[in-house]
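All remarks here apply to the structure that follows.
Nothing here was measured: the structure is a model prediction, and the numbers come from that model. Positions are given from 1 along the sequence. First listed ligand is number 1; within each ligand, the first listed atom is number 1.
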Amino acid sequence: MLRANNIICSISLVILVTLFFHADLNAQTNSCVDCHKELGDEFQELVESFEGDIHQQFGLSCADCHGGNPSEEDIDLAKDESFKGIPERSKIPEFCASCHSDSSYMRRFNPSLRVDQEDMYWTSEHGQLLKKGDTKVAVCTDCHNTHRIQAATHPKSWTFPWNIPQMCGRCHSDQNYMKDYRISTTQWDDYKESVHAHALFEKKDLSAPVCNDCHGNHGAIPPEVTSIAYICHQCHPSAGDLFSLSPHKTVFDELEISECEACHGNHKILPPTDEMLGTGEKAVCIQCHEPDTSPYQIAFRIKEKLDGFIEKIDIAGNLLEQADREGVDVSEPKFRLTEANTALIFARNLIHSFSLVEIEEKVNEGEKVADEVIQAGEAALREAKFRKTGLIIATAFIFLLAMALYLKIRQIDKKTSV
Ligand code: HEC
Ligand code: HEC
Ligand code: HEC
Ligand code: HEC
Ligand code: HEC
Ligand code: HEC
Ligand code: HEC
Ligand code: HEC
Ligand code: HEC
């Protein structure tokens with residue numbers, strides 16, 4: 001009985017060991033990986049890096065890109081006539097596109113993936129210059145990596161939003177690399193100071209634009225005058241719509257002034273302030289409008305109107321705060337004040353209509369509310385004062401009463417002790 005058990009055990013063991021080695025052999029049939037792993041640090045690094053590559057995850061390997069026969073262990077047999085080797089830099093777009101532009105091939109893996117990257121690429125400034133033989137421009141592997149390509153949704157991917165500025169900046173911020181070109185190298189530094197970078201990096205708001213949102217992923221061209229506004233519109237529809245209906249729209253188009261950029265800039269878009277408006281030193285309006293012209297007057301009046309409104313909101317806020325401190329319940333007028341603040345937000349947005357009439361209308365609406373709140377605040381303070389005097393009178397009265405009582409008691413005491 002014991003012997004039979006032993007035999008069964010041994011047979012199972014043999015089967016298991018055979019299965020294990022068989023599986024291991026299967027996993028090792030990729031001669032490209034096997035041999036390259038042994039070729040020294042640099043090659044080993046390459047193979048290890050490829051373990052996190054999306055192509056590896058989809059079952060593709062070295063030979064799918066480089067050609068050759070991965071089931072041959074001998075180097076000459078492995079590198080048969082199908083072996084492509086490494087592409088020249090100028091041929092990399094075609095190299096990658098041999099799959100990525102082939103819709104029937106790509107559909108087998110992911111039917112929803114776009115297959116126009118190469119076509120788009122040739123329309124970009126990068127592609128245009130590469131065609132002319134300039135190999136310093138970005139090709140697929142500069143933006144995606146070579147042996148650790150990852151989906152754009154992977155947070156470590158070079159093309160994940162918060163890695164993109166650094167990726168583009170690797171060339172565009174390098175003065176030495178860009179010295180042959182006439183463009184500036186400040187885009188990344190400027191971008192870092194912008195409201196957009198602040199939203200992306202500080203608030204982790206992935207809806208804030210990075211380089212590729214304004215320049216395109218593959219058709220990376222500087223946006224033209226008309227398309228800039230279109231790009232900004234997509235995310236700022238209300239400012240965009242107002243601008244399109246404003247008197248500036250047609251003149252800006254005629255004079256080829258870029259719509260939003262003229263006042264906000266492109267890379268270093270700072271948080272807008274009221275000082276941008278009007279005729280003060282920091283006002284954008286005076287860049288184009290001379291004193292004694294109608295737009296200048298309008299700019300002045302809009303600012304004046306807005307300032308008056310803000311002052312009222314401040315007064316109302318201060319009154320409520322004071323009343324609050326005095327212990328009067330002002331939750332209702334406080335709530336009303338948020339309404340006035342909302343009107344202020346709308347009025348600031350309405351700047352893009354550049355219409356005094358429209359802004360006045362909105363401000364008047366808000367001022368009515370602010371006036372009511374001011375009245376409520378004053379009433380609350382009166383009440384607080386009234387309560388205070390009431391308290392003093394009451395305290396005095398009680399004091400007098402106590403005194404009278406005391407005197408009376410003493411009088412009674414005197415009488416009884418006699
Ligand atoms: C997605 C396609 C792709 C896959 C898969 C791929 N490579 Fe490459 N490989 C390239 C490209 C493109 C280059 C040229 C790099 C360049 O110029 O930026 C390259 C370059 C190389 C080089 C030259 C040295 C270097 O680092 O540039 C070696 C060696 C190499 N690959 C080996 C491999 C091995 C081994 C594998 C499998 C583990 C592999 N490759 C998988 C696309 C690929
Ligand atoms: C038996 C070892 C061995 C095998 C198998 C092997 N390679 Fe290589 N491979 C090398 C060596 C050694 C070099 C370096 C040659 C040199 O620097 O001239 C190299 C270089 C390369 C290069 C870069 C330079 C070039 O010659 O174009 C690529 C790409 C490459 N191999 C891909 C592959 C692929 C794909 C396979 C599998 C089909 C493979 N290798 C199989 C040993 C091997
Ligand atoms: C200038 C940098 C840059 C170059 C050059 C570039 N890409 Fe991209 N690529 C990106 C960015 C950025 C994304 C996407 C990011 C996103 O979806 O938010 C992307 C996305 C992709 C995607 C995912 C699907 C898609 O279209 O969104 C594929 C596939 C791709 N690129 C392949 C390529 C190929 C192939 C080439 C060369 C012909 C190439 N890329 C050249 C920056 C680049
Ligand atoms: C042998 C065919 C083939 C070649 C050559 C090839 N790819 Fe791919 N690639 C694929 C497949 C298949 C996928 C997986 C599809 C997916 O991501 O859903 C993929 C995925 C990608 C993705 C991720 C897309 C996503 O989901 O966001 C990028 C980026 C990419 N490849 C870039 C490149 C670049 C750059 C090159 C050239 C160096 C290249 N590919 C060469 C077949 C290929
Ligand atoms: C490998 C280096 C490299 C990388 C990476 C790179 N670029 Fe470029 N880019 C260049 C070079 C070189 C030029 C040509 C400069 C010129 O046209 O004056 C250029 C041109 C451009 C232009 C046209 C500028 C003009 O007005 O002429 C834009 C826009 C641009 N790149 C945006 C990007 C964006 C966005 C990214 C990242 C998604 C990026 N680039 C990544 C090297 C690079
Ligand atoms: C909010 C949109 C936006 C973002 C984000 C953005 N750009 Fe731009 N970029 C523009 C506009 C608009 C222009 C000006 C185009 C013109 O005037 O023709 C421009 C111009 C450029 C140019 C041409 C040279 C120059 O400076 O005028 C380059 C290169 C460039 N951007 C690269 C980048 C890089 C790299 C990033 C990321 C760090 C980036 N851009 C982020 C909108 C943007
Ligand atoms: C991909 C979407 C997107 C694009 C494109 C975009 N923005 Fe923004 N923008 C945002 C987000 C998100 C914020 C941050 C909102 C916040 O956190 O308050 C923002 C903030 C701003 C602010 C500050 C608003 C405030 O109240 O403080 C201004 C001004 C601005 N963007 C102007 C522009 C201009 C001009 C362009 C075109 C050159 C542009 N944006 C393109 C998404 C975008
Ligand atoms: C003629 C100058 C000018 C132009 C052109 C302009 N803006 Fe403004 N923008 C301003 C001023 C001034 C403010 C500040 C208002 C305030 O805070 O008092 C402002 C504020 C903003 C704000 C924050 C307030 C709000 O509206 O929510 C955004 C967002 C904005 N602009 C986006 C845009 C976009 C998008 C475009 C292009 C369609 C554009 N701007 C064109 C002058 C301009
Ligand atoms: C980039 C130049 C530029 C900037 C900045 C600019 N404008 Fe204008 N604006 C013009 C031009 C050009 C016209 C049409 C010619 C004219 O009436 O002077 C115009 C027209 C107007 C008009 C219409 C005048 C009418 O009689 O119909 C108003 C109102 C106006 N601007 C207000 C403003 C205000 C307010 C600002 C600041 C927030 C501003 N503009 C900033 C260029 C500019």
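Those atoms of ligand 7 that come under 4.0 Å of a heavy atom in K203, given as number and element, are 16 (C), 17 (O), 18 (O). Against a heavy-atom cut-off of under 4.0 Å, N349 is close to the following atoms of ligand 8: 25 (C), 26 (O), 27 (O). The distance from ligand 8 to the heavy atoms of F243 drops below 4.0 Å at these ligand atoms: 5 (C), 38 (C). Atoms of ligand 5 found under 4.0 Å from any heavy atom of L129 (numbered from 1 in listed order, with element): 14 (C), 17 (O). Which parts of ligand 8 touch G240 is read off a 4.0 Å heavy-atom cut-off, strictly below it: atoms 38 (C). Each of the following atoms of ligand 5 lies closer than 4.0 Å to a heavy atom of M167: 5 (C), 38 (C). The distance from ligand 8 to the heavy atoms of F354 drops below 4.0 Å at these ligand atoms: 1 (C), 3 (C). Close contacts of ligand 5 with K136, meaning ligand atoms under 4.0 Å from a residue heavy atom, involve 1 (C), 2 (C), 12 (C), 42 (C). Ligand-side atoms of ligand 5 in range of Y181: 12 (C), 14 (C), 15 (C), 16 (C), 18 (O), range being under 4.0 angstrom from any heavy atom. Of all the atoms in ligand 5, the ones that sit under 4.0 Å from a non-hydrogen atom of C211 are 35 (C).
Scanning both residues, F160 and H154, for their nearest heavy atoms gives CB-O, 3.4 Å. Counting all heavy atoms, side chain and backbone alike, I302 lies closest to L277 at CG2-CD2, 3.8 Å. Minimum interatomic distance between N349 and S238 (heavy atoms only, all atoms of both residues): OD1-OG, 2.8 Å. Listed here is the closest heavy atom pair of A262 and F252: CB-CE2, 4.0 Å.
Side chains of I269 and H196 form a contact here, defined as non-hydrogen atoms less than 4.5 Å apart. You'll find the side chain of E372 reaches within 4.5 Å of the side chain of K368, heavy atoms only.
When distances from atom 24 (C) of ligand 8 to the protein are checked, no heavy atom turns up under 4.0 Å. Counting protein heavy atoms under 4.0 angstrom from atom 31 (N) of ligand 7 gives one or more. Put simply, atom 15 (C) of ligand 7 has no protein non-hydrogen atoms near it, under 4.0 Å away.
In the candidate list K249, E275, H289, M276, M276 is nearest to atom 11 (C) of ligand 8, counting heavy atoms. Comparing heavy-atom distances from atom 22 (C) of ligand 8 across P271, S258, P272 singles out P272 as nearest. Selection from H236, H264, E259, H248 by nearest heavy atom to atom 33 (C) of ligand 8 gives H264. Looking at D213, I231, D205, it is D205 that brings a heavy atom closest to atom 12 (C) of ligand 7. Across the listed options H352, R348, H233, E261, H352 owns the non-hydrogen atom lying nearest to atom 20 (C) of ligand 8. If you check each of R182, H215, H126, E125 against atom 19 (C) of ligand 5, the one with the closest non-hydrogen atom is H126. Of the options P295, S244, C260, C232, the smallest heavy-atom separation from atom 34 (C) of ligand 8 is shown by C260.
Of the charged side-chain nitrogens involved, at least one lies within less than 4.0 Å of a carboxylate oxygen, so that E383 and R387 count as a salt-bridged pair. Ion pairing between a basic and an acidic side chain is recognised when a charged N comes within 4.0 Å of a carboxylate O; D119 and R114 show no such pairing. Between K249 and D253 there is a salt bridge, with a side-chain nitrogen of the basic residue lying less than 4.0 Å from a carboxylate oxygen of the acidic one.
Atom CD of E94 has more than 12 neighbouring heavy atoms from other residues, nucleotides or ligands inside a 6.0 Å radius. The number of heavy atoms from other shown groups lying within 6.0 Å of CZ (F300) does not exceed 12.
Remark: aromatic rings of H352 and F243 are distant, center separation not under 6.0 Å.
A donor-acceptor pair shorter than 3.5 Å can be found between the side chains of N364 and K305.
Heavy atoms of T273 found under 4.0 angstrom from ligand 8 belong exclusively to the backbone.
Using a cut-off of 2.8 Å, one finds that C171 contributes no N/O/S atom close to atom 8 (Fe) of ligand 5. Not one N/O/S atom of C263, from backbone or side chain, sits under 2.8 Å from atom 8 (Fe) of ligand 8. Taking backbone and side chain together, H196 holds an N, O or S atom under 2.8 Å from atom 8 (Fe) of ligand 7.
A tilted orientation is assigned to the rings of F83 and H66, their planes being inclined by 30° to 60°.
Using 4.0 Å as the threshold, N266 has no heavy atom nearer than that to any atom of ligand 7.
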